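Since this is a predicted model, take the numbers as computed values, not measurements. Start at 1 with the first residue, then count along the sequence.
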Amino acid sequence: MSNVLPGKVRQIGYVVTDLDDTIASWLTMGVGPWFVIRNLPQRVTYRGAPCEVKLSLALANSGDLQIELIQQLDDTPSVFTEFLGGSGTGGFHQLAYWADDFDSAMANLAETGWPLVWSGGEGEGVRFAYFEPPTGAAIIEIMELTESSAGMAAYVRAQAADWDGSDPVRELGG
């Protein structure tokens with residue numbers, strides 16, 4: 001089978017139970033600065049049904065690889081609560097690919113037969129979809145690469161490249 005995924009892994013995602021403690025751990029490994037969005041409502045489709053959760057997210061880079069930390073702030077059943085139910089403590093959850101042509105990437109993945117378990121972003125600027133692959137990670141994420149998402153990724157990467165250790169946590173939004 002040829003590669004059905006769009007390009008390289010661009011991001012690794014971790015589901016965490018305490019965002020701030022997890023950021024502190026990554027900072028001790030020299031990864032930062034972290035860009036944090038708190039109390040983000042997310043409306044998605046979860047296993048075919050509408051779902052709304054509240055999340056806090058953090059992004060940082062180590063070289064070209066972006067790291068995302070995800071903490072769900074409520075108990076709504078989701079891909080994140082499923083994962084925590086199995087691990088209890090969180091951990092590595094997903095490999096993310098960024099697609100210039102999201103529709104084409106989705107068509108390629110539809111042919112794999114991998115279950116589509118989480119999707120959203122329609123009409124909100126950046127579409128995303130989570131699939132359950134047979135191996136490699138609990139989840140494969142496909143994120144639409146738009147001018148906005150590409151700009152944010154470039155900004156986070158540039159901030160990490162020149163980071164001197166100061167201002168390690170930078171709050172975004174709200």
[Y] and [X], any side-chain heavy atoms less than 4.5 Å apart:
| X | Y | result |
| --- | --- | --- |
| T89 | T17 | no |
| W114 | L109 | yes |
| T81 | T76 | no |
| Y14 | I67 | yes |
| M106 | F131 | yes |
| S119 | Y130 | no |

Without swapping roles, check the side chain of [X] against the backbone of [Y] for a donor-acceptor pair under 3.5 Å.
| X | Y | answer |
| --- | --- | --- |
| Q71 | L19 | yes |
| Q94 | A96 | no |
| E122 | V126 | no |

| request: Search all heavy atoms of V4 against all heavy atoms of N108 and return the closest pair with its distance. | output: O-CB, 3.7 Å
| said: The criterion is salt bridge (Lys or Arg N to Asp or Glu O under 4.0 Å); which residues satisfy it with R43, sequence neighbours excluded? | reply: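 For R43, the residues satisfying salt bridge (Lys or Arg N to Asp or Glu O under 4.0 Å) (neighbours in sequence not counted) are E52.
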| salt bridge (Lys or Arg N to Asp or Glu O under 4.0 Å) partners of D100, counting only residues at least two apart |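 Partners of D100 under the salt bridge (Lys or Arg N to Asp or Glu O under 4.0 Å) test: none.
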| request: Applying side chain to side chain donor-acceptor pair (under 3.5 Å), name anything that partners S149, two or more places apart in sequence or on another chain. | output: T146
| task | Please name all residues satisfying ring pair (Phe, Tyr, Trp, His ring centres under 6.0 Å) with F102, sequence neighbours left out, ordered by chain then number. | result |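 With neighbours one apart ignored, the set is empty.
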| query | Taking only residues two or more places apart in sequence, or in another chain, which ones meet F80 in a ring pair (Phe, Tyr, Trp, His ring centres under 6.0 Å)? | reply |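 H93, W118.
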Residues forming a side-chain contact (heavy atoms from CB on, under 4.5 Å) with [X], sequence neighbours excluded:
| X | value |
| --- | --- |
| D103 | D101, R127 |
| Y155 | F35, Q159 |
| I37 | L40, L172 |
| P6 | Y97, A99, A105, I142 |

| Roughly how far apart are R157 CZ and M152 CE, rounded to 0.5 Å? |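 Separation between the atoms: 12.0 Å.
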| What pairs of residues pass the side chain to side chain donor-acceptor pair (under 3.5 Å) test when at least one of them lies in residues 19-35, not counting sequence neighbours? |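 Sorted result for residues 19-35: D20-R38.
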| message | Taking M143 as the starting point, is it possible to reach V117 by hopping between hydrophobic residues whose side chains are less than 4.5 Å apart? | response | no
In a table with atom names and distances, give each donor-acceptor pair under 3.5 Å that connects a side chain of residues 56-63 to protein atoms at least two apart or in another chain.
| unit_1 | atom_1 | unit_2 | atom_2 | d |
| --- | --- | --- | --- | --- |
| S56 | OG | N39 | N | 3.2 |
| N61 | ND2 | G63 | O | 3.1 |

| message | Tell me whether E82 is salt-bridged to R47, with the criterion being a basic N under 4.0 Å from an acidic carboxylate O. | response | yes
Validation: residues 161-169 side-chain donor-acceptor distances under 3.5 Å, sequence neighbours left out:
| unit_1 | atom_1 | unit_2 | atom_2 | d |
| --- | --- | --- | --- | --- |
| W163 | NE1 | S166 | O | 2.7 |
| D164 | OD1 | S166 | N | 2.9 |
| D164 | OD1 | S166 | OG | 2.5 |
| D167 | OD2 | R170 | NE | 3.3 |

